[in-house]
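Report on the structure given below.
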Number of protein chains: 2
Amino acid sequence: MTDAINTILKKSSLSVTPGRSAILQLFHQSDGALTHAVIEEKTGDQFDRVTIYRTLQVFVEKGLIHTIPSPDNSILYALCKEDCSEGHHHDNHIHFICDKCNTTYCLDHITTPYIALPNGFKTNQTDVLIKGLCAQCNL
Amino acid sequence: MTDAINTILKKSSLSVTPGRSAILQLFHQSDGALTHAVIEEKTGDQFDRVTIYRTLQVFVEKGLIHTIPSPDNSILYALCKEDCSEGHHHDNHIHFICDKCNTTYCLDHITTPYIALPNGFKTNQTDVLIKGLCAQCNL
DNA sequence: ACTGTAATGCAACTATGTTGCAAAATTTAT
DNA sequence: ATAAATTTTGCAACATAGTTGCATTACAGT
Ligand SMILES: [Mn+2]
Ligand SMILES: [Mn+2]
Ligand SMILES: [Zn+2]
Ligand SMILES: [Zn+2]
């Protein structure tokens, strides 16, 4: 399993280090999005804050993860499941944040809708963020 | 004009102070959304940072302004043009951020679309954020 | 004008994120 | 396998954003 993770790193021409392996594995193990703080905690504080910041940055640049605009003003990161590559993200799916358990899901199969804008406005990117109750919390 | 502003404050049962008047007037004068930093600058640094934070908080609580989730991780505030009141916001419009001039617009007449979610998921609130070029910058 | 209440300013603190640089680890070449 | 070249890491220092407690000041109702 760690081998698969390291293969991904090498495919993105990133050197394999304990920090990068652990963080990428963490993303593959969790179904929701992660914040810097959660990553720091779940890796048992073995890595420096700065290392985690830089790892997340490089993962975004390489198209391994993408950021999610959140209402509570802390950056969320999630795996790119589509064919994103270096400098080219294609994450046009919507995001869902559960009000109860606070998990953020990438709803990969629901694409962002087309929205007509007033005259003169040009759309580059559409982000949809839905808050509510997830399937687990809505029982 | 300052009278109109103060009337709004009194209607929300807020005491009228120089800071609140100035900040609320600033919102009524600008067509886009404002950040804490911009407010601090545009009021000529006459008010303490903390006062501005607390003023924005109380304006949100009273339904005078609403926050906008932004991708660059700084809270944006904009006037509520609808019938929002204390503890009850009804801002179901979409937001637009210009990539060039960085202005954030409330597109009040464009309501958020209905989006079908997977089984079990329940929508409480939908936020749509579109990035692109505004009418001024798209010439 | 007086008085009770609410808002302000200041200081201190927490949280989040960035940058420079030397030491350590990884990769590549020998 | 060893060594050189390149990257990555950790530390310190810094920057920005936001919060809290408390004494002082301003406001609103009488
Ligand atoms: Mn996503
Ligand atoms: Mn708005
Ligand atoms: Zn949930
Ligand atoms: Zn513009």
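Naming: A, B, ... by sequence-line order, numbering from 1 per chain. Computation of the quantities below employed the complete heavy-atom set of this structure, encompassing side-chain atoms and omitting hydrogens, waters and symmetry-equivalent molecules.
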message: Please compare B:H36 and B:S15 by the position of their nearest nucleotide in DNA chain D and report the one closer to 5'.
response: B:H36
field: For chain A, the stretch of DNA chain D it reaches, first to last nucleotide, under 4.0 Å of its heavy atoms
entry: D:dT7 to D:dG18
message: I need the single residue from A:I39, A:I75, A:T51 that forms a side-chain contact (heavy atoms from CB on, under 4.5 Å) with A:L56. Which is it?
response: A:I39
- request: Just call it for A:R54: base, sugar-phosphate, or nothing, with non-hydrogen atoms closer than 4.0 Å on any strand.
  value: base
- prompt: Is any side-chain heavy atom of B:I68 less than 4.5 Å from a side-chain heavy atom of B:C106?
  reply: yes
task: Nearest-nucleotide wise, let me know which of A:Y53 and B:F47 is further upstream toward the 5' end of DNA chain C.
output: B:F47
query: For the atom pair CD1 (B:I52) and CG (B:L34), what is the distance rounded to the nearest 0.5 Å?
result: 11.0 Å
message: Need one value for B:E40: base, sugar-phosphate or nothing, where a base atom within 4.0 Å counts as base even if backbone is also close, heavy atoms only.
response: nothing
- request: Could I get the full list of ring pair (Phe, Tyr, Trp, His ring centres under 6.0 Å) partners for B:H36, not counting sequence neighbours?
  value: B:Y53
query: Quick check: does any side chain N or O of B:N138 sit under 3.5 Å from a backbone N or O of A:G120, one acting as donor and the other as acceptor?
result: yes
field: Segment of DNA chain C, first to last nucleotide, that comes within the 4.0 Å heavy-atom reach of chain B
entry: C:dA6 to C:dG17
query: Once you round to the nearest 0.5 Å, how far does CD1 of B:I8 lie from CG of B:L79?
result: 8.0 Å
field: Pairwise 5' ranking along DNA chain D for A:V58 and A:R49, keeping only the more 5' one
entry: A:V58
- prompt: Taking the six-membered ring where the residue is Trp, are the ring centres of A:F121 and B:Y105 under 6.0 Å apart?
  reply: yes
message: Ignoring hydrogens and geometry beyond distance, is a side-chain donor-acceptor pair present between B:D127 and B:T112 at under 3.5 Å?
response: no
